[in-house]
Amino acid sequence: MMKHTIKRIVLDAAQKAFENGALVSEQIPEMEIEEPRHQAHGDFSTNFAMVSAAVQKMAPRKIAEILVSLIETGSLIEKVEIAGPGFINFFLSNKAWYPVIDQIFEQDKRYGASDIGKNEKVQVEFVSANPTGPLHVGHGRGAAVGDSVGNILCFAGFDVQKEYYINDSGRQIRTLGTSVWVRLLQKSGKEVEFPEDCYKGDYIIDLASEIHEKEGDKFIQKDEDEAIAYCAKFAAKKILKGIKEDLSDFGITFDQWFSEQSLYDAGRVQKAIDDFKTKDLIYKEDGALWFRAQDFGDEKNRVVVRNNGLTTYFASDIAYHMEKYERGFDRVIDVWGADHHGYIKRIDASVVASGRKSEQFEVILVQLVNLLRGGKPFQMSKRAGDFVTLKNIVDEVGKDAARFMFLSRSYDSGLDFDLELAKQKNSDNPVYYVQYVHARITGILLKAKQENIIQDIDFNKGKNIHLLNAVEEINLIKILNAFKENVEKSAQTLHPHVIFTYLMSLASAFHSYYNKHKVITDDQEQTLARLSLVLGVKKVIRNALTLLGVTAPERM
RNA sequence: GCGCCUGUAGCUCAGCUGGAUAGAGCAACGGACUUCUAAUCCGUAGGUCGCAGGUUCGAAUCCUGCCAGGCGUACCA
């Protein structure tokens with residue numbers, strides 16, 4: 001919001017300059033107010049003079065001089081300088097920053113929230129793993145990203161719904177049933193070879209044991225199809241329950257669990273195909289029905305109904321995405337693993353074909369997780385069945401460390417996740433660095449309460465803010481002020497690691513301040529000012545951690 | 001072959017809707033605990049931003065072409 005004020009000042013000065021004839025054109029080209037990297041360049045800087053050079057037919061530095069002469073310095077702006085090729089640098093007075101603290105106290109849990117979303121209805125769909133096995137590390141990263149993106153969009157003023165799509169229909173469920181059934185037969189003492197294309201994990205054997213305990217050997221006599229159907233239903237239900245528990249332990253809840261089967265039951269898949277047929281977007285070839293995806297930018301046309309009469313996964317996905325927009329979402333965001341990237345264009349094609357804009361469909365492609373233990377790679381092969389589950393990870397390193405690690409860098413890059421490192425309770429592990437700030441501040445506030453300096457460790461109004469004059473204090477306030485911009489940037493780019501980076505810089509500034517200045521001193525008035533500042537820091541740390549789904553502990 | 005992602009300090013990565021001297025953590029080296037939690041801080045050292053062109057007053061950032069790595073390229077899900 002500070003940026004806004006500066007922009008206003010620049011625009012006013014430009015207008016004045018035009019009115020008194022110093023500038024020849026009233027045109028204002030696209031200009032930036034930015035925060036310079038170096039302190040020597042002030043708190044804010046604008047490239048106005050440079051971008052205006054062409055329009056004004058004047059040297060940038062000359063334009064800068066005209067503007068600077070019209071900008072009043074005084075209470076808020078300490079000084080204005082011209083630098084380099086024509087940057088105008090603004091140096092703010094300490095006083096200009098104090099309102100930030102008041103805002104934190106006033107807005108508390110809403111501090112940093114934005115309204116850029118304008119209540120737009122957005123759906124974020126993530127994880128959506130097949131209920132054929134437990135969630136693994138890759139799902140964990142997708143879950144952390146999807147959940148945080150949802151939180152951040154919500155905080156930025158979007159109307160967000162989080163959804164999990166359950167692929168409870170189709171061949172993989174039948175394969176699951178077969179897998180369990182074969183294990184069940186083996187359990188009953190039958191010599192049956194385990195099929196190559198079945199799920200090999202130990203959890204299949206566990207499921208078979210459960211059925212065996214409940215039902216005994218009764219399935220050996222039963223009709224194969226009937227038995228497999230029973231096993232499939234039993235296993236899928238059980239596995240889905242496990243998935244829900246694992247996600248819940250990971251701090252994730254969904255607004256809706258959407259069943260693929262329900263699309264078939266409601267006739268929506270057929271309806272989608274019929275709809276495309278009437279638009280002449282479907283044709284028959286080699287006994288199969290094809291969607292003209294190529295007409296909408298895909299590399300080739302895609303099958304929706306196979307020559308055996310069965311619909312493809314793509315067919316139900318078309319119906320599913322149509323359904324999303326019919327539910328009223330303006331924007332649909334899917335979080336997928338990078339190995340599905342070839343699928344984007346085809347869904348996009350179907351979305352456009354059904355009358356929506358391409359911009360209304362976005363995919364967050366999360367690159368793969370490379371699991372390590374003490375620097376050595378871990379094998380994760382679903383085929384062999386010896387993969388590391390999300391539950392393993394959460395049990396071993398904890399929810400907070402896992403989530404923070406998953407969000408520590410952009411999902412555009414592959415992630416090395418070292419279990420040994422995530423487990424360490426020291427500075428190698430960034431989650432402690434940040435949580436420690438929250439705990440440390442709580443410690444200070446508790447001490448202040450004990451000494452009767454404050455009534456309660458949480459209070460709702462800053463005191464003696466004007467006494468905050470140390471460089472480190474002003475610096476901290478500046479970072480606190482930047483929280484909202486970071487939320488907005490994170491929401492606009494759909495990148496939660498922006499919040500991670502922000503947290504690290506705030507934590508660093510706080511630890512630095514803590515080591516240099518004592519909060520509680522003999523100077524009562526100053527102590528109150530500093531307590532207000534650190535409580536402000538505490539609130540912002542909490543707000544930011546909440547967006548990432550990480551807890552803010554009172555003590556560690 | 002084609003498509004998506006990546007290539008920045010010894011390692012892991014920020015910075016990428018163009019801005020002024022490219023940042024952080026780890027590792028290395030040297031310091032700071034009688035103090036509100038040393039799970040911390042301060043300092044030193046470390047870089048042809050994969051390579052080559054182009055656009056621009058200005059390029060790690062945008063465009064083109066190479067090179068390297070990961071992933072994908074089904075009438076599977």
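Each chain gets a letter, A, B and so on, in the order its sequence line appears, and its residues count up from 1.
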*Asks:* Tell me the interatomic distance from A:R141, atom CZ, to B:C71, atom C1', rounded to whole angstroms.
*Replies:* 13 Å

*Asks:* Classify the nucleic acid contact of A:N307 as base, sugar-phosphate or nothing, counting any heavy atom under 4.0 Å across all strands shown.
*Replies:*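 Answer is base: heavy atoms of A:N307 come under 4.0 Å of a base.
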
*Asks:* Applying a 4.0 Å non-hydrogen cut-off, can you work out what A:K449 is touching in the nucleic acid: base, sugar-phosphate, or nothing?
*Replies:* nothing

*Asks:* How long is the gap from CZ on A:R141 to CG on A:L415, to the nearest 0.5 Å?
*Replies:* 4.5 Å

*Asks:* Give A:K447 one of three labels, base, sugar-phosphate or nothing, depending on what nucleic acid heavy atoms sit under 4.0 Å from its own.
*Replies:* sugar-phosphate

*Asks:* Contact class for A:N301 (heavy atom, under 4.0 Å): base, sugar-phosphate, or nothing?
*Replies:*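 A:N301: no heavy atom of the nucleic acid under 4.0 Å.
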
*Asks:* Within the structure shown, what part of the strands sits under 4.0 Å from A:S45 by heavy-atom distance: base, sugar-phosphate, or nothing?
*Replies:*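 The residue A:S45 makes base contact.
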
*Asks:* Answer yes when A:K324 and A:E125 have at least one side-chain N-carboxylate O distance shorter than 4.0 Å, and no when they do not.
*Replies:*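 A:E125 and A:K324: salt-bridged.
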
*Asks:* B:C76 phosphate, OP1 or OP2: any side-chain N/O from A:R174 under 4.0 angstrom?
*Replies:* no

*Asks:* Counting the atoms with a prime plus P, OP1 and OP2 as sugar-phosphate, which does A:M556 contact under 4.0 Å by heavy atoms, base, sugar-phosphate, or nothing?
*Replies:* base

*Asks:* Does B:U12 have OP1 or OP2 sitting under 4.0 Å from an N or O in the side chain of A:S408?
*Replies:*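 For B:U12, neither OP1 nor OP2 has a side-chain N or O of A:S408 closer than 4.0 Å.
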
*Asks:* Considering every strand and a 4.0 Å limit on heavy-atom distances, what is the contact class for A:H340: base, sugar-phosphate, or nothing?
*Replies:*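 The residue A:H340 makes base contact.
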
*Asks:* Considering heavy-atom distances to RNA chain B, does A:E554 or A:E299 have its closest nucleotide positioned more toward the 5' end?
*Replies:* A:E299

*Asks:* Think A:K300 has a side-chain N or O under 4.0 angstrom from the OP1 or OP2 of B:G3?
*Replies:* no

*Asks:* Please report the distance separating the P of B:G3 from the corresponding atom of B:C41, rounded so that it comes out in whole Å.
*Replies:* 46 Å

*Asks:* Under 4.0 Å, counting only non-hydrogen atoms across every strand here, what does A:Y343 touch: a base, just sugar-phosphate, or nothing?
*Replies:*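 Base contact.
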
*Asks:* Return the value, rounded to whole Å, for the distance between atom CG of A:L476 and atom P of B:C41.
*Replies:* 13 Å

*Asks:* Which nucleotide sits closest to the side chain of A:S512: B:A20, B:C41, B:C76?
*Replies:*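 Among the listed nucleotides, the one closest to the side chain of A:S512 is B:C41.
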
*Asks:* Is it the case that atom CD in A:Q455 sees more than 12 heavy atoms from other parts of the structure closer than 6.0 Å?
*Replies:*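 Count not over threshold, so no.
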
*Asks:* Starting from P on B:G3, measure out to CD on A:Q367 and report it in whole angstrom.
*Replies:*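 Rounding to the nearest Å, CD of A:Q367 and P of B:G3 are 17 Å apart.
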
*Asks:* What class does the angle between the rings of A:H136 and A:H139 fall in, given that below 30° is parallel, 30 to 60° is tilted and above 60° is perpendicular?
*Replies:*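 Rings of A:H136 and A:H139: tilted, 30 to 60°.
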
*Asks:* What does A:H438 touch in the nucleic acid at a heavy-atom separation under 4.0 angstrom: a base, only the sugar-phosphate, or nothing?
*Replies:* nothing

*Asks:* To the nearest angstrom, how far is A:I520 atom CD1 from B:C36 atom P?
*Replies:* 9 Å

*Asks:* For A:K489 and A:G287, find the nucleotide of RNA chain B closest to each by heavy atoms; which residue's nucleotide sits nearer the 5' end?
*Replies:*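 Its nearest nucleotide lies further toward 5', so the answer is A:K489.
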
*Asks:* Check for me: is A:Y433 stacked on B:A39 by the 5.5 Å centroid and 30° plane-angle rule?
*Replies:*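 A:Y433 ring does not meet the centre or angle cut-off for B:A39; no stack.
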
*Asks:* Report which part of the nucleic acid A:A439 touches: base, sugar-phosphate, or nothing (heavy-atom distance under 4.0 Å, all strands).
*Replies:*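 Result for A:A439 = base.
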
*Asks:* Counting just side-chain N and O atoms, does A:R61 come under 4.0 Å of either OP1 or OP2 of B:C57?
*Replies:*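 Result: no.
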
*Asks:* Tell me the interatomic distance from A:H497, atom NE2, to B:A14, atom P, rounded to whole angstroms.
*Replies:*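 For the pair A:H497 NE2 and B:A14 P, the rounded distance is 6 Å.
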
*Asks:* With a sphere of 6.0 Å drawn around CD of A:E420, does it hold more than 12 non-hydrogen atoms of other residues, nucleotides or ligands?
*Replies:*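 Counting neighbours around CD of A:E420, more than 12 heavy atoms of other residues, nucleotides or ligands fall under 6.0 Å, so yes.
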
*Asks:* For B:A59 versus B:C71, give the span between their P atoms, rounded off to a whole number of Å.
*Replies:*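 The same atom, P, in both gives a distance of 36 Å.
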
*Asks:* Within the 4.0 Å heavy-atom criterion, would you say A:D418 contacts the bases, only the backbone, or no part of the nucleic acid?
*Replies:*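 The answer is nothing, as A:D418 stays clear of every strand by at least 4.0 Å.
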
*Asks:* Pick base, sugar-phosphate or nothing for A:Y514, based on heavy-atom distances below 4.0 Å to the nucleic acid.
*Replies:*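 It contacts base atoms.
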
*Asks:* Looking at A:S413, I'd like to know whether one of its side-chain N or O atoms comes within less than 4.0 Å of OP1 or OP2 on B:A14.
*Replies:*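 So the side chain of A:S413 is within the cut-off, an N or O lying under 4.0 Å from OP1 or OP2 of B:A14.
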
*Asks:* Would you call B:C33 syn or anti, using the 90° rule around 0?
*Replies:* syn

*Asks:* Counting side-chain heavy atoms from C-beta on, which of B:C4, B:U40, B:G15 comes nearest to A:N515?
*Replies:*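 My answer, after comparing the listed nucleotides, is B:U40.
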
*Asks:* Quick test of your reading of the model: are A:R542 and A:E554 salt-bridged, counting only N-O distances below 4.0 Å?
*Replies:* no

*Asks:* Could you grab the distance from atom CZ of A:F44 to atom NZ of A:K3, nearest 0.5 Å is fine?
*Replies:*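 One gets 7.0 Å once the value is rounded to the nearest 0.5 Å.
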
*Asks:* Output the rounded distance in Å from CG (A:D416) to P (B:U6).
*Replies:* 16 Å

*Asks:* Measuring from A:S505:OG to A:F510:CZ, what's the distance to the nearest 0.5 Å?
*Replies:* 14.0 Å

*Asks:* With the side chain of A:H341 defined as its heavy atoms from C-beta on, choose the nearest nucleotide among B:A60, B:G70, B:C71.
*Replies:* B:C71

*Asks:* Could you give the distance separating B:G47 and B:C51 at their P atoms, to the nearest angstrom?
*Replies:*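 Those two atoms are separated by 15 Å.
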
*Asks:* Do any side-chain nitrogens or oxygens of A:R440 fall under 4.0 Å of OP1 or OP2 in B:A39?
*Replies:* no

*Asks:* Taking only the side-chain heavy atoms of A:H41 (C-beta and beyond), determine which of B:C42, B:A20, B:A14 contains the nearest atom.
*Replies:*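 For the A:H41 side chain, the nearest candidate turns out to be B:A20.
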
*Asks:* In whole Å, measure the gap between the P atoms of B:U64 and B:U6 for me.
*Replies:*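 My reading of the P atoms in B:U64 and B:U6 gives 15 Å.
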
*Asks:* When the P atoms of B:G50 and B:U8 are considered, how many whole Å apart are they?
*Replies:*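 Looking at atom P only, B:G50 and B:U8 are 6 Å apart.
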
*Asks:* If you check every side-chain atom of A:V519, which of B:A77, B:G19, B:C36 has the closest atom?
*Replies:*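 Out of B:A77, B:G19, B:C36, the nucleotide with an atom closest to A:V519's side chain is B:C36.
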
*Asks:* Supply the atom-to-atom distance A:N307 CG to A:L289 CG, rounded to the nearest 0.5 angstrom.
*Replies:* 10.5 Å

*Asks:* Ring-on-base stacking between A:H38 and B:A20, under 5.5 Å between centres and under 30° between planes: is it there?
*Replies:*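 The ring of A:H38 is not stacked on B:A20.
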
*Asks:* Can you tell me how far apart OH (A:Y502) and CG (A:L547) are? Round to the nearest 0.5 Å.
*Replies:*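 Spacing of OH (A:Y502) from CG (A:L547) equals 11.0 Å.
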
*Asks:* Quick one: label A:L445 by what it contacts on the DNA or RNA (base, sugar-phosphate, nothing), any heavy atom closer than 4.0 Å.
*Replies:* nothing

*Asks:* Rounded to the Å, how far apart are A:L503 CG and B:C13 P?
*Replies:*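 The distance from CG of A:L503 to P of B:C13 comes to 20 Å, rounded to the nearest Å.
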
*Asks:* When all nucleic acid strands are considered with a 4.0 Å heavy-atom cut-off, which category describes A:N47: base, sugar-phosphate, or nothing?
*Replies:* base

*Asks:* Which of the following nucleotides, B:C36, B:A39, B:A20, is nearest to the side chain of A:Y432?
*Replies:*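 Closest nucleotide among those given: B:A39.
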
*Asks:* Take a 6.0 Å sphere around NZ of A:K7 and say whether it holds more than 12 heavy atoms from other residues, nucleotides or ligands.
*Replies:* no

*Asks:* Over how many whole Å does the gap from A:N308 atom CG to B:A74 atom P extend?
*Replies:* 18 Å

*Asks:* Using a 3.5 Å limit for the pairing distances, which stems of at least 3 consecutive Watson-Crick or G-U wobble pairs does RNA chain B take part in?
*Replies:* B:1-7 with B:67-73, B:10-13 with B:23-26, B:28-32 with B:40-44, B:50-54 with B:62-66

